[in-house]
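In what follows, a structure is listed as structure tokens, so that the remarks can point back to it.
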Amino acid sequence: MNDVDVTRARELLADLRRPLESDGYALIVEADGPGLRISVEAGPDACAGCLVPQPLFANIVTKTLTDGGLDFGGVELSYPEMESH
């Protein structure tokens with residue numbers, strides 16, 4: 001398998017990036033050989049209660065990329081720790 005098309009991955013994930021940014025988070029997408037390394041990073045004013053649970057977000061990311069026809073070897077997801085209330 002060749003290296004993943006990270007530009008295409010970023011395009012496919014643009015609809016996820018916008019709401020994250022409005023809640024104070026950054027979505028970082030990087031190539032990792034045939035796979036992707038995706039990080040959700042909290043900014044100083046991030047809305048702590050605005051993120052969906054990590055397993056759900058991982059499923060959304062994978063489905064978005066697959067439905068978009070991207071050939072990728074997997075996703076490594078880095079996600080902020082969620083506080084328990």
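Quick caveat, the model's predicted, so the values are computed rather than measured.
You'll find the side chain of E21 stays beyond 4.5 Å of the side chain of L27, heavy atoms only. Side-chain contact check for V40 versus S78: every heavy-atom pair is 4.5 Å or farther apart.
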I38/V61 under side chain to side chain contact (heavy atoms under 4.5 Å, CB included): CA gap, chis, key distance, verdict: CA-CA 9 Å; I38 298 177; V61 166; 3.5 Å; yes

Residue pair I28, E41: steps toward the side chain to side chain contact (heavy atoms under 4.5 Å, CB included) verdict: CA-CA 8 Å; I28 300 162; E41 297 182 359; 3.3 Å; yes

Intermediate values then yes/no, side chain to side chain contact (heavy atoms under 4.5 Å, CB included), L51 and D23: CA-CA 9 Å; L51 290 177; D23 289 332; over 6 Å; no

Check against side chain to side chain contact (heavy atoms under 4.5 Å, CB included), T62 and I60: CA-CA 6 Å; T62 301; I60 293 168; over 6 Å; no

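Side-chain atoms of Y79 do not come within 3.5 Å of backbone N or O of A58 as any donor-acceptor pair. Looking at R37, its side chain never comes within 3.5 Å of a backbone N or O of D32 through a donor-acceptor pair.
R10 is linked by a salt bridge (charged side-chain N to carboxylate O under 4.0 Å, His left out) to nothing, counting only residues two or more places apart in sequence or in another chain. With sequence neighbours left out, the side chain to side chain donor-acceptor pair (under 3.5 Å) criterion links D67 to K63.
Distance check: L36 CG to L13 CG gives 8.0 Å after rounding to the nearest 0.5 Å. Here the CG atom belonging to D5 is positioned 11.0 Å from the CG atom belonging to L65, to the nearest 0.5 angstrom. Between the CZ atom in R17 and the OG atom in S22 there is a gap of 13.0 Å [rounded to 0.5 Å].
Taking a cutoff of 4.0 Å between a charged side-chain nitrogen and a carboxylate oxygen, E11 and R8 qualify as a salt bridge.
Between V4 and P34, the shortest heavy-atom distance links the atoms CB-O, 3.6 Å. Considering all non-hydrogen atoms of both residues, Y25 and A46 come closest at CZ-CB, 3.6 Å. Listed here is the closest heavy atom pair of L12 and T64: O-CG2, 3.3 Å.
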